[in-house]
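Each remark here refers to the structure printed beneath this line.
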Amino acid sequence: MSEPIPHPYRVRKGVLWSAVVLAPLVWGVPGAILFYVGLWVHDDFGPLAVIGFLPAVTMIAGSVPYLILGAPIIWHHAKRTYPNKRTLAKAGAVTNLCLTIVIGVGALILALEDIGGAIALFLFVGTPFAALWGATVAVVYKRLDGCFPANNQG
């Protein structure tokens, strides 16, 4: 469990929001490159295209729920403690699981049919990527925080 950082710690908003935006891109852009190189080399879904497909698609399809729900959760955790991989990965996974439950309950209430595929997609694809993106936010935040130190002068 992460312990709270002593009181002088403050979230660096610019660094945190940069990390939040960059996290999906860290996995999605190389995935898209692999996907297109795989299509170019094999003229169909070769191994590179298959490997790159999921990160590229989740970068596009998962960005809206990630920014609407994930970013405030990440901000909440970052205000309390310095962002670490385990905490933000758990927060991402739990947030996505809760979203999946809300979508499932909403589908039952509205009597929507053929929603099982979307729920399975959110559950089995979205949850691992939500955890991966949460951990990536912590890594990118730490790197950016080290590369661009805070100006503590007067």
Side-chain angles (χ1 to χ4, degrees), residues 1-5 7 9-39 42 44-145:
M1 184 165 161
S2 62
E3 297 178 16
I5 300 293
H7 186 62
Y9 168 72
R10 289 180 179 249
V11 178
R12 297 185 53 205
K13 295 175 191 169
V15 174
L16 181 69
W17 294 118
S18 297
V20 167
V21 170
L22 287 173
L25 297 175
V26 165
W27 297 99
V29 170
I33 292 170
L34 277 177
F35 176 71
Y36 287 115
V37 167
L39 289 178
H42 293 284
D44 62 354
F45 278 98
L48 289 177
V50 171
I51 292 169
F53 180 74
L54 216 51
V57 170
T58 54
M59 176 184 65
I60 296 166
S63 293
V64 173
Y66 168 73
L67 291 174
I68 291 173
L69 296 173
I73 300 291
I74 290 169
W75 173 252
H76 171 73
H77 282 284
K79 284 192 318 186
R80 296 178 51 214
T81 63
Y82 193 85
N84 67 28
K85 292 183 281 192
R86 183 174 299 179
T87 304
L88 293 185
K90 285 180 190 176
V94 168
T95 302
N96 196 73
L97 288 171
C98 291
L99 178 63
T100 304
I101 292 169
V102 167
I103 290 172
V105 169
L108 287 174
I109 290 172
L110 298 174
L112 297 176
E113 294 182 15
D114 297 331
I115 194 76
I119 292 173
L121 194 66
F122 265 93
L123 185 63
F124 297 116
V125 176
T127 302
F129 273 95
L132 183 66
W133 289 358
T136 305
V137 167
V139 170
V140 171
Y141 182 84
K142 185 176 180 181
R143 293 274 172 104
L144 290 176
D145 196 28

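Just so you know, these numbers use all the heavy atoms, side chains as well, and skip hydrogens, waters and symmetry mates. Residues: numbered from 1 along the sequence shown.
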(Q) Which heavy atom of Ala91 sits nearest to which heavy atom of Thr95, and what is that distance? (A) O-OG1, 2.6 Å

(Q) Using only atom types and a distance under 3.5 Å, with no angle test, would you say the side chain of Tyr141 pairs donor to acceptor with the backbone of Arg12? (A) yes

Q) Which value, rounded to the nearest 0.5 Å, describes the distance between Lys79 atom NZ and Arg10 atom CZ? A) 12.5 Å

**Q.** For the student: nearest non-hydrogen atoms of Trp75 and Lys13, plus distance
**A.** CH2-CG, 3.6 Å

Q. When rounded to the nearest 0.5 angstrom, what is the spacing between CH2 in Trp17 and CG in Leu22?
A. 13.0 Å

Q) Trp133 and side-chain contact (heavy atoms from CB on, under 4.5 Å): which partner among Leu88, Ile74, Thr58? A) Thr58

Q: Decide yes or no for Ile60 and Val57: does some side-chain heavy atom of the first lie under 4.5 Å from some side-chain heavy atom of the second?
A: no

Could you pull out every donor-acceptor pair under 3.5 Å between side chains of residues 27-36 and any protein atom, sequence neighbours left out?
residue	atom	partner	partner atom	Å
Trp27	NE1	Thr136	OG1	2.7

**Q.** Interatomic distance, Asp145 atom CG to Ser18 atom OG [nearest 0.5 angstrom]
**A.** 11.5 Å

Q.
Rounded at 0.5 Å granularity, tell me how far CD1 in Ile73 sits from SG in Cys98.
A. 8.5 Å

(Q) With a 3.5 Å distance limit and no angle check, can you tell me whether Tyr66 reaches the backbone of Val20 through a side-chain donor-acceptor pair? (A) yes

Q: Nearest 0.5 Å please: distance from the CZ atom of Arg86 over to the NZ atom of Lys90.
A: 6.0 Å

Tell me which donor-acceptor pairs under 3.5 Å the side chains of residues 110-132 have, and how far apart each pair is, sequence neighbours excluded?
residue	atom	partner	partner atom	Å
Thr127	OG1	Asn96	ND2	2.9
Thr127	OG1	Leu123	O	3.0

